[in-house]
Every structure is written in structure tokens, then in C-alpha cells.
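These notes concern the structure reproduced below.
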Protein chains: 2
Amino acid sequence: MPTLSASEGMVVSRDQIVTDSWGERAEATLVAAGHKRGGARRAVVELLDSQQCALTAVEIEDALRGGADGTEGTEGADGTRARRRVSRASVYRILDELEQLRLVQRVETGQTMVRYERVCEHEEHHHHLVCDECGVVMPFSDKALESAIETLSERVPLKVSEHEIVLHGSCRDCAA
Amino acid sequence: MPTLSASEGMVVSRDQIVTDSWGERAEATLVAAGHKRGGARRAVVELLDSQQCALTAVEIEDALRGGADGTEGTEGADGTRARRRVSRASVYRILDELEQLRLVQRVETGQTMVRYERVCEHEEHHHHLVCDECGVVMPFSDKALESAIETLSERVPLKVSEHEIVLHGSCRDCAA
DNA sequence: TTTACTGCAAATTATTTGCACGGTT
DNA sequence: AACCGTGCAAATAATTTGCAGTAAA
């Protein structure tokens, strides 16, 4: 378990002490579930921790190889450099483990490849806008929508554990 | 184009005359788009017209072969028996055509196989509940949710054309 | 030293495509 | 006759799995 210090990656509130880093929670949860700390998994966790929105398995593989997209700068706050090449099979295996522990969530955008993103407990979660022309995916969040979902969830014949909302359309560039 | 008679599958309102059958609209749209009336496509359209919720390509193939699931009784109101074996390739091709004409909509439920269902213009559309344990998919609709989406759609950097909402959890049987 | 982690290559699974034939207009 | 629609079999593409070697506890 992580050391409790208010100085590094921690938030101290009146009622509880929580880590504010998804990465730390992920590592801790993995260890608690009886996993060792492999390098490939650490790299994937660190990358996901640095991302704001959902990635595909291939995007993760490319980014860790040192991809030329915007996903540079995967460096832990403590200077840990976890980036390293990770085989695609491992990427899928790791994502699967993380999903089972509810540390990551699948995002289906109707784009053949499934996307994955971290699940943050103490943050308002977001949903997705998908441009069907160029394929770009953007996050958004909306209070009214969340409360509508919450109310609804009580009245439905399902013990709801998650929900996913995707808006499709044309982004500004494509609609122009 | 279909004969305009107020007696069969038609709704006459003060301002417009519309067919209330998705199947008829589908056939008309297909012809207008320059398609001929093949038997396989008619069978798929008729089956989709008889369904309340989303099916996978394989479910469609099975149902048309005379599957032992609940999807029996595919018989047109006028007695047309369109059921016949349809190859899987044709099922996919036909679904693709129908999707491009916005007659059917993909539903991604996180279950490896994509589902498809008809899009009804003059009906309130629904969304889906998915039991992650047994895989059952149920439709639901909610006014408050729809209006939240509508409001939201105006404020987002996307010209929104569709939206999809999926609630995941455990159905009553599985949660018991 | 025991058990998990990882890469590689092969296997699966859903979906798509090429081609030849049969049906519709 | 001209052309679309359909089935079959082969081709793709994403994801999964078997196995052997490597690393963490």
C-alpha cells in the first residue's frame, strides 16, 4: 500500500484520505489481486494514467513503442520511465485484467476497434462524441444527463453498474 | 409506392400521410435508391420489421432458417411468407445497405457481435439494457433522458445525428 | 524456486470481398 | 438484354490462446 503523505499525489479531506492518482490505485489494486509487477503492465498502466480519453489496443502499442502521435511524455511524476515496447498480445491481456478489476472501461464507438480508458472513482466520468467522418473521439460530460441516468437506473429491471453514452455526428472540421 | 388507403397500415393525420409500417418505408426507400426487390432482402426486412429489439447477423440468419428461438412468426400482415434461408454474407450486405439508408441502426452492446435494429421515425426510439452475466438485451425509453440529450446536443462541438445509450448490469434473474 | 509475466506465432471469430450464377426489370 | 442480388468460398482484421523463455516474490 502507498505511504500516506499529504505532499505527493494525495488528497486529504476531512473524512477520508484518497490517492488522487489512478495509476497508484491501479497498482495497488493489482497487487491486492495477487499480481506481480511486470514491466509491460506498468508501462500500459502509466500510459493510460497519462491519457484523458479512450485508446485502442493498437494506439497503446504504438504509443509505447514511441509513436509519433500526441501520446508522448509518458513519464511518472517520480521520474519513472516505464515506456518500453509491449507486444500486442500483452496489451490485450493487460487491458482484460484491468477491465475485470474495473480499473478500465471499454468504450464502443462503432469503429471496429474497441477503445479503453481508465475509470476514475473520484472524478466525474465522461462520455464520448464520435465524428463518423474522420473518426475523431472527444470526451464530454453533462450533469443533467448524469442525473437523468441516475433516476432512470432505479426504475429499470436491471441492477445497473455502468452506462455508456455515445453521440455520433460530424465534427466541426468535417461539417464545414 | 404503396397505395394510399386509410385502412391498411396507414395513418392519416391533418398534415401528412405516412405509412406506419417500417417495412413499407424500407421497401419504398430501397426502390427509390435504385434497388431491385430480391428475395433475401425482403426476408431480412420482414424479419426486422417483426422485431422489437436488436438482433445480431447470426440471429437473423438463424431466425430466417427457421430458428428455434423466439423469432418465429415472420409473416406479413397480407400473408406474405418471405422466410427463406439467407446466406450470412447477404445478411451482412443487406444490413449494410439498410444502415446507409438509415433504415437500421447498429447497437454496440459490448458483446463481440454487433446488433442491428430498425429505425422508426414516427416512434419514440429506445435504448438498451444489457445484462453482462447472461447477455440478454432489453429495450427501454425515457423522456427525461431524451430531452437531456437534446439540450446537450446543441452545446457540443459536433453536429449530432445519432446517439446511443447502453446501461450495463445484472438482470433480475442473474442478480437473484 | 515457485509462480506470474511476456513475446512470438498460431488459432479463432466476426465481418468483408471476389466471382459466377440466377432473378428482376 | 442489362444489371442487380445472392450464395459460396476465400480473404481480412481484430482479438485470443498455446507455449517456451524471463523475471518477480
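Letters go in sequence order (proteins before strands), and every chain restarts at 1.
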Judged by each residue's nearest nucleotide on DNA chain C, which is more toward the 5′ side, Ala57(B) or Val86(A)?
Val86(A)

Please classify the nucleic acid contact of Val58(A) as base, sugar-phosphate, or nothing, using heavy-atom distances under 4.0 Å.
nothing

Hey, is the side chain of Arg41(B) poking within less than 4.0 Å of OP1 or OP2 on dG7(D), counting only N and O atoms?
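The answer is no; no side-chain N or O of Arg41(B) sits under 4.0 Å from OP1 or OP2.
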
Whole-Å gap separating [atom2] ([N]) and [atom1] ([X]):
X: Glu61(B); N: dT6(D); atom1: CD; atom2: C1'; value: 13 Å
X: Arg88(B); N: dA9(D); atom1: CZ; atom2: C1'; value: 14 Å
X: Ile60(B); N: dT6(D); atom1: CD1; atom2: C1'; value: 16 Å
X: Leu98(A); N: dC5(C); atom1: CG; atom2: P; value: 12 Å
X: Gln111(B); N: dT15(C); atom1: CD; atom2: C1'; value: 17 Å
X: Leu95(A); N: dA14(D); atom1: CG; atom2: C1'; value: 13 Å
X: Arg85(B); N: dC8(D); atom1: CZ; atom2: C1'; value: 10 Å
X: Leu64(B); N: dT6(D); atom1: CG; atom2: P; value: 12 Å

Between [X] (side chain) and [Y] (backbone), is there a donor-acceptor pair under 3.5 Å?
X: Glu164(A); Y: Glu108(A); value: yes
X: Ser90(B); Y: Val86(B); value: no
X: Glu59(B); Y: Thr56(B); value: yes
X: Trp22(B); Y: Leu103(B); value: yes
X: Arg41(A); Y: Lys36(A); value: yes

Scan side-chain atoms only and decide if Gln105(A) and Glu162(A) contain a donor-acceptor pair under the 3.5 Å cut-off.
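Per modelled atom types, Gln105(A) and Glu162(A) side chains form a pair under 3.5 Å.
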
Can you tell me if Gln52(B) and His126(B) form a side-chain donor-acceptor pair at under 3.5 Å?
no

In 5'-to-3' order, the base (B), backbone-only (S) or no-contact (-) status of each nucleotide in nucleotides 17-25 of chain D, using a 4.0 angstrom heavy-atom cut-off, is BB-----BS

Find the distance between CG (Asp173(B)) and SG (Cys134(B)) and round it off to the nearest 0.5 Å.
7.0 Å

Ring centroid separation His163(B) to His127(A) under 6.0 Å
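His163(B) vs His127(A): aromatic centres not under 6.0 Å.
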
Between the two ends of the helix from dT1(C)-dA25(D) to dT25(C)-dA1(D), what is the bend in degrees, rounded to 10 degrees, where each end axis spans five pairs?
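What I find for the helix from dT1(C)-dA25(D) to dT25(C)-dA1(D) is an axis angle of 30°.
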
